[in-house]
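Throughout, a chain's letter reflects where its sequence line sits, starting with A, and its residues are numbered from 1. Just so you know, these numbers use all the heavy atoms, side chains as well, and skip hydrogens, waters and symmetry mates.
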Amino acid sequence: MGFMLSREATVDRLELVDAFKGCTRSQLKQVARLAERVQVGEGEVLAREGRIGREFFLVLSGTVRVTQAGREVNELGPGSFFGELAAINPGIRNATVTAVSEVEVLIIGPREFATMAAIPGFRDALFKSMADRLRTADARLAAVYQEGEDLEDEPPPQT
Amino acid sequence: VSSSTDEAVLDLLTRVALALAWKPGGAEDDVIVKNSDGKLSLIDRLHGVPWFAACTEEQLEAVVRLAERLHIDAGEVILREGRLGRELFVILEGSVVVTRAGRVVNEWGVGDYFGELAAIEGVPRTATVTAITDLDVLIVGPREFDAMMDIPGVRNALFAGMARRIREGDDMLDVYAEDEAGADRRPE
């Protein structure tokens, strides 16, 4: 893991991140104080499925691959974040995240994350992202439910 | 379709229903002190809501200032699927039934809350909620919701509740996907 850039440079970078759009520059300075900015090489693993981890990550540059049980489920680029569930509630990582290029990330511990979540701009971005995930999960579960009912509606098998 | 498949489907549906039913809980055993007239004050009622368990007295008073308390008659429809509306509801007394596309997906009671997704995102309601009994509810408007999220205990508890529901929903979907594919379960 590599070097740290100046705080001002980090703030400049944060200004380009969607999740921080609602934040003032002084709030971004607060975020930069709370976070550690690191550079990781291609192939390095940031989070490993099944392991306990409580850090929140925000990708500043580069791309990471998200895998579950060895299957790729997503690729995330600059401005994406992950690890918020573990930062909020202690638990095991539900996916492995690997750098597929040189990647610059902000790493935020759970205590710092709670402080960050109090900043209205970031808080709202976090709420929106989580509400989105909840609605998506609910919709998919409802579809599973519907499928189950359709199965029940099928005529009984001939025996 | 064999009967063992039917059982598997039924089992899955039960788990799905449980996943949908998840709401923060655990503080229901709190002792609630009644006033001399036997009625619970609003603050006393809030003590019985797990969501507000981490709040100080002052923070609960702030919640009381921000929210409106309302009586709703049994049978009344509180939210209608597909309609716009940004209020969040906390049940202080009574219970509601939650339906999606006419199917009952849940039943909620004292201490449960609903409407938070619309309060956050301003999206149409994802379910219809109907009062089963007379209800005593707290209503929080979108502006007041924002102010309520400035209270650390309230904000963190909502984040925690949502994070848990996301995890549970994802787990249910994993189970379903793996059952479908006939794949081995991942170690929990």
> Can you name the closest pair of heavy atoms from A:Ala118 and B:Arg155 and give their distance?
Replying inline: CB-NH2, 3.3 Å
> Is it the case that more than 12 heavy atoms not belonging to A:Arg25 sit under 6.0 Å from its CZ atom?
Replying inline: yes
> Same cluster or not: are B:Ile91 and B:Val104 linked, directly or through other Ile, Leu, Val, Met, Phe, Trp or Tyr residues, by side-chain heavy atoms under 4.5 angstrom apart?
Replying inline: no
> Heavy-atom count around A:Arg54 CZ within 6.0 Å, excluding the residue itself: above 12?
Replying inline: yes
> Transitively linked via ILVMFWY side-chain contacts under 4.5 Å: A:Phe20 with A:Leu16?
Replying inline: no
>> If I take atom CZ from residue B:Arg167 and atom CG from residue A:Asn89, how far apart are they, to the nearest 0.5 angstrom?
In response: 7.0 Å
>> Does any backbone or side-chain atom of A:Ala139 lie under 4.5 Å from a heavy atom of chain B? Answer side chain, backbone, both or neither.
In response: neither
> Minimum heavy-atom separation for A:Arg123 to B:Asp146, with atom names?
Replying inline: NH2-O, 3.6 Å
> How many angstroms lie between atom CE of A:Met130 and atom CG of B:Leu117, to the nearest 0.5 angstrom?
Replying inline: 10.5 Å
> For the residue pair B:Gly169 and A:Leu141, what are the closest heavy atoms and their distance?
Replying inline: CA-CD1, 4.1 Å
> Same cluster for B:Val97 and B:Val129 if Ile/Leu/Val/Met/Phe/Trp/Tyr side chains link at under 4.5 Å?
Replying inline: no
> More than 12 heavy atoms of other residues, nucleotides or ligands under 6.0 Å from CZ of A:Arg48: is that the case?
Replying inline: no
>> I need the A:Leu134 CG to B:Arg164 CZ distance, nearest 0.5 Å.
In response: 13.0 Å
>> Is the shortest side-chain heavy-atom distance between A:Arg135 and B:Glu121 below 4.5 Å?
In response: yes
> Which heavy-atom pair separates B:Ala163 from A:Ile88 by the least distance, and what is that distance?
Replying inline: CB-CG2, 4.0 Å
> Is there a side-chain contact between B:Met172 and A:Val144, using heavy atoms and a 4.5 Å cut-off?
Replying inline: no
>> Side-chain heavy atoms nearer than 4.5 Å, only ILVMFWY residues, links allowed to pass through others: does that put A:Val100 and A:Val105 together?
In response: no
> What class does the angle between the rings of B:Phe159 and A:Phe127 fall in, given that below 30° is parallel, 30 to 60° is tilted and above 60° is perpendicular?
Replying inline: parallel
>> A quick test of your reading: do over 12 heavy atoms of other residues, nucleotides or ligands sit less than 6.0 Å from CD of B:Glu68?
In response: no
> In terms of hydrophobic clustering (I, L, V, M, F, W, Y; side-chain heavy atoms under 4.5 Å; direct or indirect links), are A:Leu76 and A:Val73 co-clustered?
Replying inline: yes
>> Let me confirm one number: the CD1-OG distance from B:Ile120 to A:Ser129, rounded to the nearest 0.5 Å.
In response: 10.0 Å
>> What I'd like to find out is whether the side chain of B:Asp170 reaches to under 4.5 Å of the side chain of A:Arg133, using heavy atoms alone.
In response: yes
